Amino acid sequence: MPSTQHLNDLTIQVRRDILRMVHKVNSGHPGGSLGCTEFLVALYNVIMSKKAGFNMDGIGEDLFFLSNGHISPAFYSVLARSGYFPIEELNTFRLIDSRLQGHPTTHEGLPGVRIASGSLGQGMSVALGAAQAKKLNKDYHLVYSLHGDGELQEGQNWEAIMYASAKKVDNIIATVDLNGQQIDGSTESVLPMGSLKQKFEAFGWIVVEIEEGNNIVSILNGMSEAKSKTGQGKPVCVLLKTVMGNGVDFMMHTHAWHGKAPNDEQLAIGLAQNSETLGDY
Amino acid sequence: MKTYTYTEKKDTRSGFGAGLAELGRTNPNVVALCADLIGSLKMDKFIEENPERFFQVGIAEANMMGLAAGLTIGGKIPFTGTFANFSTGRVYDQIRQSIAYSGKNVKICASHAGLTLGEDGATHQILEDIGLMKMLPGMTVINTCDFNQTKAATIAIAEHQGPVYLRFGRPAVPVFTPSDQKFEIGKAIKLTEGKDVTIVATGHLVWEALEASKVLFERGISAEVINIHTIKPIDEKAILESVSKTRCIVTAEEHNIIGGLGESVARVLGTHNPAPQEFIGTNDVFGESGTPAQLMEKYGLNSISIVAKVESVLKRK
């Protein structure tokens with residue numbers, strides 16, 4: 001297992017990637033990407049059991065589905081730095097003829113991506129289908145998914161949440177990024193969702209809460225607990241409390257950077273707060 | 001003129017059920033999903049024989065489409081079953097992103113398409129589904145005409161890699177295609193040879209076109225009837241060959257003329273060999289309650305209407 005130091009270094013490097021990617025094309029979603037950086041780094045470097053290379057069917061390994069596709073900068077950076085494709089390709093984010101589309105897609109054949117996402121609310125159903133395929137294949141690996149909290153306002157999620165427990169899909173760990181922000185403001189101001197813990201539990205899920213969702217050690221502990229609760233006849237949900245824009249002080253605790261890129265000056269400040277560790281792409 | 005007869009009437013959805021049951025026995029990767037309409041889709045036999053490969057989703061079509069996309073990851077070939085309306089319009093974005101754009105090998109099987117759903121009325125009678133589905137890049141669109149063809153198509157699409165929309169219906173209609181006829185996606189079937197007019201029909205309108213051709217024959221008009229079960233990819237060669245001989249065409253479908261088979265045919269002709277065309281289909285309207293026969297008559301989707309359109313198009317040659 002990689003050291004905590006290495007994971008922290010990787011996290012900082014991914015943050016730099018995110019800032020540089022969105023700055024270059026003056027578009028993209030840095031806020032949510034930065035908030036989920038520690039989670040994705042932990043997932044791909046420690047938590048998931050993966051095979052070398054990429055095979056769409058993913059038999060004999062854990063799978064991950066990103067439902068909130070707009071955090072593609074974080075996803076692409078982590079995939080590249082996990083060896084799915086050359087890190088230099090991060091240079092092509094959102095450019096014409098790129099495999100790194102604004103939102104992730106299988107359409108351009110980018111290794112590591114198993115479903116298109118961006119139009120919200122669809123990833124949980126897909127992850128559940130893949131989890132049921134694993135059961136049919138007697139493949140005892142897990143399926144992970146990540147969803148925004150605002151994304152849960154899409155009704156399809158609740159169809160899927162109801163289905164998962166009814167069908168005892170207990171080989172899935174669905175994580176909700178609880179950053180409390182969405183495009184138009186805080187989730188509390190846009191459409192208060194009440195207690196997601198109580199809602200998931202009422203729908204028959206096991207819920208694990210990670211209070212410090214931007215702390216690698218807390219994430220590893222929480223996800224380890226979540227893993228231990230799979231296979232018990234119930235789906236598992238992780239409520240991951242994060243700070244949008246984490247690691248770049250002026251992007252934190254606001255929805256303002258949901259879908260806005262930093263200018264040259266802001267980029268310089270952001271990068272100064274995250275000194276190069278493992279090498280820029 | 002070659003004539004067609006039938007000894008029994010059966011619903012095309014039962015052809016789907018029979019095809020799915022056969023796939024259950026022959027292809028271990030085939031799985032089926034249904035949104036609370038097992039009986040309507042005739043999926044009982046598959047479920048009885050393969051309970052572990054069937055997923056009852058409940059009344060949640062959006063989730064069903066996502067589940068189907070996910071099931072392909074791991075090598076399954078999912079067949080979803082619900083009414084045409086709930087298979088397309090209700091879940092368009094799910095199909096667009098999770099299935100079509102993601103290139104997933106899902107077979108969207110849609111029953112109760114069109115006016116012949118009957119008494120339930122316009123809420124359930126989708127007449128826009130062919131258009132919705134054919135506009136999606138990479139989607140194959142099939143509309144079968146009788147029990148045998150629907151069964152054969154169901155079996156054939158399992159062998160095709162990529163998303164497919166298979167459309168069929170509720171009422172019992174004449175079974176006139178051979179039970180051993182192989183189904184070839186994208187290959188139109190010429191049912192009668194003719195020299196005066198081409199009639200290209202799909203779904204329930206194929207039998208009506210054959211009936212029309214008999215009446216036309218008695219009036220001295222030789223009609224070439226083509227069963228175009230695959231609307232996308234459309235068999236351009238078959239259409240162009242026939243029209244180069246007849247120099248005019250009538251298209252017939254149980255669908256809005258906006259966005260349907262007729263417009264696909266018009267594109268082919270307009271691009272390669274323009275010829276007068278008349279359209280049988282609903283004309284930018286919703287359906288209503290009634291018996292299938294009453295509705296097909298009221299909206300001009302039967303053999304009598306086809307004869308009238310042929311007479312119109314002949315005057316334009």
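Just so you know, these numbers come straight off a predicted model, no measurement behind them. A note on names: the letters A, B, ... follow the listed sequences, proteins ahead of strands, and every chain is numbered from 1.
Of the inter-residue distances, the one linking A:Leu136 atom CG with B:Phe55 atom CZ reads 4.5 Å to the nearest 0.5 angstrom. Atom CG in B:Leu71 sits 9.5 Å away from atom CG in A:Leu128 (nearest 0.5 Å).
A 6.0 Å sphere centred on CD1 of A:Ile183 holds no more than 12 heavy atoms belonging to other residues, nucleotides or ligands. Heavy-atom contacts from other residues, nucleotides or ligands closer than 6.0 Å to CD1 of B:Ile59 number 12 or fewer. For CE of A:Met162, the number of neighbouring non-hydrogen atoms (other residues, nucleotides, ligands) closer than 6.0 Å is 12 at most.
Heavy-atom distances place the side chain of B:Val31, and not its backbone, under 4.5 Å from chain A. For A:Ala127, no part sits under 4.5 Å from any heavy atom of chain B, backbone or side chain.
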Using only distance (under 3.5 Å, no hydrogens or angles), which donor-acceptor pairs connect chain B and chain A?
unit_1, atom_1, unit_2, atom_2, d
A:Asp57, OD1, B:Gly74, N, 3.0
A:Asp57, OD1, B:Gly75, N, 3.4
A:Thr105, OG1, B:Tyr101, OH, 3.4
A:Thr106, OG1, B:Ser102, O, 3.0
A:Arg114, O, B:Lys104, NZ, 2.8
A:Ala116, N, B:Ser102, OG, 2.8
A:Ser119, N, B:Gln97, OE1, 2.8
A:Ser119, O, B:Gln97, NE2, 3.0
A:Ser119, OG, B:Asp93, OD2, 2.2
A:Gln122, OE1, B:Ser98, OG, 2.7
A:Gln122, NE2, B:Asp93, O, 3.4
A:Gln122, NE2, B:Asp93, OD2, 3.0
A:Ser125, OG, B:Asn63, OD1, 2.6
A:Ala130, N, B:Gly70, O, 3.4
A:Asn137, OD1, B:Lys76, NZ, 2.7
A:Asn137, ND2, B:Gly74, O, 3.0
A:Gln156, OE1, B:Gln94, NE2, 2.9
A:Gln156, NE2, B:Ala62, O, 3.2
A:Glu159, OE1, B:Asn63, N, 2.8
A:Lys167, NZ, B:Gln56, O, 2.7

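Across every non-hydrogen atom of B:Ala69 and A:Val126, the tightest pair is CB-CG2, 4.3 Å.
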